[in-house]
K.L.:
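First, the structure itself, so that you have it in front of you.
For the numbers below, each heavy atom of this structure counts, side chains included, while hydrogens, waters and symmetry mates do not. Residue numbers start from 1 in every chain, and the chains themselves are labelled A, B, ... in the order their sequence lines are given, proteins ahead of strands.
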Number of protein chains: 2
Amino acid sequence: MPQILDLSPAPLAQARPPFVAGVVQMGMTANPAENLTKAVALLHQAADEGAQVVCLPELFRTPYFCQHLNPAYFDYAEPVTGDTVTTLAGVAKQRKIVVIAPFYERVDSRLTYNSAAVIDADGSVLGIYRKMHIPHDPLFEEKYYFAQGDLGFKVFHTNYGNVGVLICWDQWFPEAARATALLGADIIFYPTAIGWQPAEKEQFGELQRRSWRIAQQAHGIHNRCVIAAANRIGLEVLSGDGIEFFGNSFISGCYGELLASLDHTTEGVITATVTPATIEQSRRWWPHFRDRRTDAYTGLLQR
Amino acid sequence: MPQILDLSPAPLAQARPPFVAGVVQMGMTANPAENLTKAVALLHQAADEGAQVVCLPELFRTPYFCQHLNPAYFDYAEPVTGDTVTTLAGVAKQRKIVVIAPFYERVDSRLTYNSAAVIDADGSVLGIYRKMHIPHDPLFEEKYYFAQGDLGFKVFHTNYGNVGVLICWDQWFPEAARATALLGADIIFYPTAIGWQPAEKEQFGELQRRSWRIAQQAHGIHNRCVIAAANRIGLEVLSGDGIEFFGNSFISGCYGELLASLDHTTEGVITATVTPATIEQSRRWWPHFRDRRTDAYTGLLQR
C-alpha cells in the first residue's frame with residue numbers, strides 16, 4: 001500500500017499587519033497660515049482617533065487658485081524644504097504618523113508642480129508624487145500653474161504599509177490606479193479639489209458627486225486595494241460664480257464598499273483599517289492580476 | 001478702427017444619430033434547442049420594444065457547463081457557421097437589428113473559444129470577438145474549455161453605431177474597456193454568466209452584486225461611453241451546490257448612471273437610447289482622453 005502523504009495546506013503566507021488610514025476634509029481660507037494651522041490640528045485629531053497614515057486635501061495651503069490665471073499665484077509655490085512639508089514632518093515625527101502632504105511645488109523659476117510629499121512616521125520625506133494628469137477646463141485651469149508630473153507612478157513603503165498617491169484629476173484614469181497597484185500599493189490616496197459649479201449644481205450636482213465616487217470605488221475593485229479620497233469643502237469664488245467644493249471624502253474597500261465617508265459640509269477626519277490579509281483574500285477570490293493580457297495592451301500606449 | 005470679426009462658434013460637428021440598445025436576460029435549461037427558441041423570442045420582443053442593437057447573455061445556448069471538467073461538453077462547441085449564429089442572423093435580417101450573439105466557438109479539434117459574433121442589421125456577420133481574459137476559479141473552470149482570445153480588442157461599425165464587445169471576466173479589467181473605447185466604441189456590451197455560490201450568498205451576495213455593477217459602471221465613466229451587461233438567471237447545479245446566476249443586467253450611461261436594469265429573477269428585455277451627441281458632450285465636459293499620459297503607461301505592459 002502506498003504511503004499516504006499529509007496534503008493539508010501549509011499555513012498562509014504571513015500577511016503584513018493591518019494599519020489605520022485617515023482622511024482629512026477641510027475648508028480653506030485665503031490665509032495660508034490659517035490653513036496650515038487647521039491642517040495640523042486635524043492631523044492631531046486623526047492621530048488621536050488612531051489613524052497611522054493620514055492624507056490632507058490637494059493644495060490645502062491655499063484657496064483653489066486655479067479658477068483663473070494670475071501670475072501672482074505662483075508665489076504660493078514652495079520647495080519640498082518649505083514651510084508646508086517641514087511643519088507637517090514635525091507633526092508626523094511627534095505623532096508617529098505617516099502624512100500625505102499635498103503642496104504646490106516650486107523647483108525653480110522654470111518649473112512648478114502639483115505635488116504631494118509622503119512623510120514617514122519618523123518625519124523623513126520618503127519621496128514626492130507629482131500629479132501626472134493635469135486638467136484644464138473652465139475654473140480648473142491647472143495647465144497654467146503646473147507642469148505635468150515627471151516622476152511617474154509611485155508606491156511608498158512607509159512604516160505602516162505600502163502607500164500609493166495620485167492627485168485629483170488622476171482619479172478618472174484607470175491607468176494611474178492600475179500602474180500604482182502593480183507597484184504594490186495596499187491603499188491609494190487621492191488628495192482632491194473637486195466641486196460643483198453653482199449654475200450646474202441643481203441639474204448635475206448629484207450625478208457628478210456619484211460619478212466621482214463610483215469612478216474611484218471601481219479602482220479599488222479592479223485592483224483589489226483600498227481607496228481614500230480627501231476633498232475640500234466650501235464655496236470659493238475667485239472667478240465667475242466660483243466653485244462649491246463638495247467634500248464627500250471617503251475610504252472604500254477591495255469590493256468598492258464604503259468604509260467611511262463624509263458629507264459636503266463637514267470638516268473632520270474619517271478612518272478605516274487597511275488589512276493586507278483581506279486584500280490578499282480578495283485577490284485569491286478574484287485573481288484578476290493572474291489573467292491580465294499584457295501581450296494585448298499595447299493599444300493603451302496610443303492616443 | 002479694426003474690423004470686428006464674428007467669432008461666435010460655428011455649429012457643432014454633426015453628431016451621428018441616436019440608436020436604441022437592448023439587453024436580454026434569461027434563464028437556461030439543459031436543452032440547447034429550447035434556449036435558442038427562447039433567445040429568438042426575446043430578440044423579437046426587444047425589436048418590438050424598439051431595440052436596434054441587442055445583446056444576449058454569455059453562452060446562452062447551454063447551461064454554464066464550466067462548473068466542472070467534462071470532455072463531453074466540448075460537443076457544445078460549434079463554428080461561426082453553425083446553428084446559433086445562423087439562426088440569429090436570420091432574426092437580425094428579418095427585424096433589421098444588430099445582434100451580439102455569444103457562442104461556444106469551435107475552430108477545429110485543437111481550438112475552442114468563448115466568443116461573440118456581431119451580426120449586422122442585414123444578417124451579415126461583421127466579425128467575432130473572442131474573450132481575452134479567461135477565468136479559472138472554483139465553479140468557473142473556463143481555462144479548460146476555452147483558449148484565450150487571439151483577435152484582440154475590437155470595435156464593430158454596425159448599421160446603427162460603433163459597438164464594442166467584451167465578455168464576462170473581461171469586465172474586471174479596465175485595460176479591456178479602455179482599449180475598446182480607444183477604438184471608438186459608443187457602447188460596450190458585456191455578455192455575462194455571473195452568480196452567487198449558495199453558501200456565500202447570505203454573507204457576500206450583495207457585496208458581490210454591487211461590486212460587479214460598480215466595476216462596470218465605472219468603465220462608462222472612465223471612458224465616457226455607454227455600458228450594457230447581459231447576465232443569465234437561475235440556479236444551475238452541475239457541481240457542488242451550483243451557481244445561482246444573479247441577473248441584474250443593466251445599461252448605464254457616460255456618468256455611470258443606471259439607464260435601465262433588471263433584478264435577479266426576471267426574464268426579459270431592457271432598452272436605453274445611446275446618443276453620440278451626449279457622449280461627445282460628456283467628453284467635452286470631462287476631457288480625459290486629451291490628458292492620457294501615454295508616455296508613462298509602459299508599466300501596464302508588465303505583470
K.L.:
To the nearest 0.5 Å, what is the distance between CH2 on B:Trp285 and CZ on A:Phe204?
P.N.:
3.5 Å
K.L.:
Side chain, backbone, both or neither: which part of B:Ile214 has a non-hydrogen atom closer than 4.5 Å to chain A?
P.N.:
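It is both, since atoms from each part get that close.
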K.L.:
With a strict 4.5 Å heavy-atom criterion, list every residue of residues 127-138 of chain A that contacts chain B, or say none.
P.N.:
A:Met132, A:His133, A:Ile134, A:Pro135, A:His136, A:Asp137
K.L.:
Kindly give the heavy-atom pair with the smallest separation between B:Ala215 and A:Ala218, and that separation in Å.
P.N.:
CA-CB, 4.2 Å
K.L.:
Residue by residue, scan residues 189-200 of chain B and write down, ordered by number, those that have a heavy-atom distance under 4.5 Å to chain A; if none do, write 'none'.
P.N.:
B:Ile194
K.L.:
Could you check, using the six-membered ring where one of them is a Trp, whether A:His222 and B:Phe173 have ring centers closer than 6.0 angstrom?
P.N.:
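Ring-ring flag for A:His222/B:Phe173: false, centres at least 6.0 Å apart.
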K.L.:
What part of A:Ile221 gets closer than 4.5 Å to chain B, counting heavy atoms only: side chain, backbone, both or neither?
P.N.:
side chain
K.L.:
Is it the side chain or the backbone of A:Gln148 that comes within 4.5 Å of chain B heavy atoms, both, or neither?
P.N.:
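When you check distances to chain B, atoms from both the backbone and side chain of A:Gln148 fall under 4.5 Å.
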K.L.:
How many angstroms lie between atom OH of A:Tyr297 and atom CD of B:Gln302, to the nearest 0.5 angstrom?
P.N.:
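Interatomic distance, A:Tyr297 OH to B:Gln302 CD, rounded to 0.5 Å: 13.0 Å.
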K.L.:
Under 4.0 Å between a Lys/Arg side-chain N and an Asp/Glu carboxylate O for A:Asp150 and B:Arg293?
P.N.:
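Salt bridge between A:Asp150 and B:Arg293, a charged N being under 4.0 Å from a carboxylate O: no.
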K.L.:
Quick one: closest heavy-atom pair of B:Arg224 and A:Ser211, and the distance?
P.N.:
NH1-OG, 4.0 Å
K.L.:
Between A:Phe289 and B:Arg303, is there a side-chain heavy-atom distance shorter than 4.5 Å?
P.N.:
no
K.L.:
Evaluate the salt bridge (Lys or Arg N to Asp or Glu O under 4.0 Å) criterion for residues A:Arg178 and B:Glu175: first the C-alpha distance (whole Å), next the side-chain angles of each, then the deciding distance (0.1 Å), finally the verdict.
P.N.:
CA-CA 9 Å; A:Arg178 180 66 104 203; B:Glu175 294 92 341; 2.7 Å; yes
K.L.:
Which one wins on heavy-atom pair count under 4.5 Å against chain B: A:Asp291, A:Asp295, A:Thr298?
P.N.:
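Among A:Asp291, A:Asp295, A:Thr298, the one with the most close pairs to chain B is A:Asp291.
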K.L.:
Top residue by heavy-atom pair count (under 4.5 Å) with chain A, among B:Ala176, B:Gly256, B:Gly220, B:Gly149?
P.N.:
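Ranked by contacts with chain A, first place is B:Gly149.
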K.L.:
Given a strict heavy-atom distance threshold of 4.5 Å, which part of A:Phe140 is in contact with chain B: side chain, backbone, both, or neither?
P.N.:
neither
K.L.:
State, yes or no, whether a side-chain contact exists between A:Leu301 and B:Leu301 at a heavy-atom distance under 4.5 Å.
P.N.:
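Answer yes - side chains close enough.
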K.L.:
In terms of heavy-atom proximity below 4.5 Å to chain B, should A:Trp286 be classed as side chain, backbone, both, or neither?
P.N.:
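Interface part for A:Trp286: both.
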K.L.:
Where on A:Arg210 is there a heavy atom nearer than 4.5 Å to chain B: the side chain, the backbone, both, or neither?
P.N.:
neither
K.L.:
Quick check on B:Leu300 against chain A: is it the side chain, the backbone, both or neither that has a heavy atom closer than 4.5 Å?
P.N.:
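Its backbone and side chain both get close to chain A.
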